[in-house]
Undergrad: 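After the structure tokens below, expect a handful of questions from me.
All values below come from the heavy atoms of this structure, side chains included, with hydrogens, waters and symmetry mates left out.
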Amino acid sequence: MKYVKVICLLLCLLGYSRGYGQQFYRITGKLFIKDAGHDQNKSIVAGKFYYDLNHKKLIYDFTFPRKEKIVCIDTLNYKFVEGVYTGREFAITVPESSLFHLALLGSMADFGLKDSFYSISDVSKEGDLIISTWVPPLEAANGFGKVVVSQKNKRLHGVAIFDYKGKLLNKQIVKGYHKVQGLDFPSEILYIYYVDGKESYRAISFRDVLVNDYGEENMYNYPLPK
Amino acid sequence: MKRLLLFCMLMVLCSVSSRAGIASLFDVDEAAISTSFEDLNMLESFLAEHENATMEDVALHQGVLFNKLNLNMSSALEGIDSILNRPPLGINSFIWGLCLNWVGVVVVYVSATDADATYRRRETTRALIGCGVNAIALGGCTILSIFVPALSIGLW
């Protein structure tokens, strides 16, 4: 009986240390971006993505409609078409603000707003949704509007972004989640935006998501031209 | 008493309706969306099964769907940025400083307080550079606004 207790205690400690020690540092998978504009214009892009917290490089390896790699680092996007470097472009956004970064750090549930200059102004519960409204500081209120975030089962469900005049700019709905080694990662995100007051849709879906994977090691730190 | 009860009921109703307004933000027209993506979902399945499929392969096997496609890749890349980043927050620090001047520097510094010191220093420096560029541009415009009229009326 004494041994059983000792074994139980050891198992509990092991379980605790494993759960506590789980660190996610890299993620990869297939992605498909589908665009269905209100004008019946449709497009699809397919490829893979790679992101590692240590390298802070976000790599898109597209295979369709053409072979193209885009390496996003800092504020630059490096492009390689058919394996040949074709140039770099200035980027407004940085990989550290991407979904991949937030997911690995476990900050996706609040869209990363908790660690931003936004502050929470209202929280309400309706049905199975917890809805929080985030507002920018007064100094930035002339440039940025509120952001409304909904959570379902403690996971991000939707985000609605408004401009500073209160007009809805776009909304994003997470349609489902993959559970990969304990990490919640979206299986599909629906993005609804407005062109001339009409709704257009864009969907991005993720398949075969892997975390902390050792395969394709060279892709996570894709070499860049000097 | 009746009036008080009526008032309370109205308040509760108003509160419920305003909450419903917020939640309805996340309502979507599932039927319209499903119809919009019907053929694209079929193409996605094809591309998932044929990882290295080229445009020729798709045209050959999914000809009808292929003809409906707009193969302008740059538009889809815009899509990545819009979906996968936090638009109001992922803006780089240089732009913050450039557009909002010292306010942008403060915003960058405050928003990076939870980050490590190197990151905070790097981002704040970028915002300061943006702020400096803003100041130089503003100064240049001010000087021009003085010199150009002075030249035109022959004071210089």
Undergrad: Using heavy-atom distances under 4.5 Å, tell me whether A/L168 contacts chain B through its side chain, its backbone, both, or neither.
TA: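 Side chain of A/L168 only, per the 4.5 Å heavy-atom cut-off to chain B.
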Undergrad: Using a strict 4.0 Å threshold on nitrogen-to-oxygen distance, state whether A/D184 and A/K179 make a salt bridge.
TA: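 The answer is yes: the pair qualifies as a salt bridge.
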Undergrad: Going by ring pair (Phe, Tyr, Trp, His ring centres under 6.0 Å), name the residues that satisfy it together with B/H50, two or more places apart in sequence or in a different chain.
TA: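 Result, ring pair (Phe, Tyr, Trp, His ring centres under 6.0 Å) vs B/H50: B/F46.
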Undergrad: Is A/D74 close to chain B through its backbone or its side chain, or both, or neither, when contacts mean heavy atoms under 4.5 Å?
TA: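 Just the side chain, heavy atoms under 4.5 Å.
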Undergrad: Regarding B/D39 and A/K42, does a basic nitrogen lie under 4.0 Å from an acidic carboxylate oxygen?
TA: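 Answer for the salt bridge query: yes.
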Undergrad: Taking 4.0 angstrom as the limit, do A/R207 and B/E44 come out as a salt bridge?
TA: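 Judged by the 4.0 Å cut-off on N to carboxylate O distance, A/R207 and B/E44 do form a salt bridge.
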Undergrad: Is there any side-chain hydrogen bond (donor to acceptor under 3.5 Å, both in side chains) pair reaching into residues 131-143 of chain A, and which pairs are they, with sequence neighbours excluded?
TA: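 Sorted pair list: A/S132-A/W134.
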Undergrad: With a 4.5 angstrom heavy-atom cut-off, is it the side chain or the backbone of B/E38 that approaches chain A, or both, or neither?
TA: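 Looking at B/E38, nothing touches chain A.
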Undergrad: Parallel, tilted or perpendicular for B/F37 and A/Y201, by the 30°/60° rule?
TA: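 Ring orientation of B/F37 relative to A/Y201: tilted.
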Undergrad: Measure distances from B/A48 to the heavy atoms of chain A and classify the residue's part below 4.5 Å as side chain, backbone, both or neither.
TA: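 Interface part for B/A48: both.
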Undergrad: Between A/E199, A/K171, A/H101, who has the most heavy-atom pairs with chain B when the cutoff is under 4.5 Å?
TA: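 Highest number of heavy-atom pairs under 4.5 Å: A/K171.
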Undergrad: Got a salt bridge between A/K34 and A/E188, using NZ or NE/NH1/NH2 to carboxylate O under 4.0 Å?
TA: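 Yes, this pair counts.
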Undergrad: Which bit of A/A160 is near chain B, if near means a heavy-atom gap under 4.5 Å: side chain, backbone, both or neither?
TA: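 Both the backbone and the side chain of A/A160 come within 4.5 Å of chain B.
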Undergrad: What residue, out of A/C72, A/S150, A/G158, has the most heavy-atom pairs lying under 4.5 Å from chain B?
TA: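 With the most close heavy-atom pairs to chain B, the winner is A/S150.
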Undergrad: Go through the atoms of A/V174 and report whether side chain, backbone, both or neither lie under 4.5 Å from a heavy atom of chain B.
TA: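 The answer is neither part of A/V174.
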Undergrad: Give a yes/no verdict on a cation-pi contact between A/K69 and A/F80, requiring under 6.0 Å between NZ or CZ and the six-membered ring centre and an angle within 45° of the axis.
TA: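 Ring-cation test returns no.
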Undergrad: Quick one: which of B/D57, B/L100, B/L47 has the most heavy-atom pairs under 4.5 Å with chain A, could you say?
TA: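 The option with the most such pairs is B/L47.
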Undergrad: Under 4.5 Å from any heavy atom of chain B, what part of A/K175 do you find: side chain, backbone, both or neither?
TA: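 The answer is the side chain of A/K175.
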Undergrad: Is A/N170 reaching over with its side chain to a backbone N or O of A/Y193, donor-acceptor style, under 3.5 angstrom?
TA: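 Such a contact is absent between A/N170 side chain and A/Y193 backbone.
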Undergrad: Let me know if A/H157 has heavy atoms under 4.5 Å from chain B in its side chain, its backbone, both or neither.
TA: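 When you check distances to chain B, only side chain atoms of A/H157 fall under 4.5 Å.
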Undergrad: So which part of A/Y164 gets closer than 4.5 Å to some heavy atom of chain B, the side chain, the backbone, both or neither?
TA: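 Neither part.
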Undergrad: So what's closer than 4.5 Å to chain A heavy atoms on B/S36: side chain, backbone, both or neither?
TA: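 Both the backbone and the side chain of B/S36 come within 4.5 Å of chain A.
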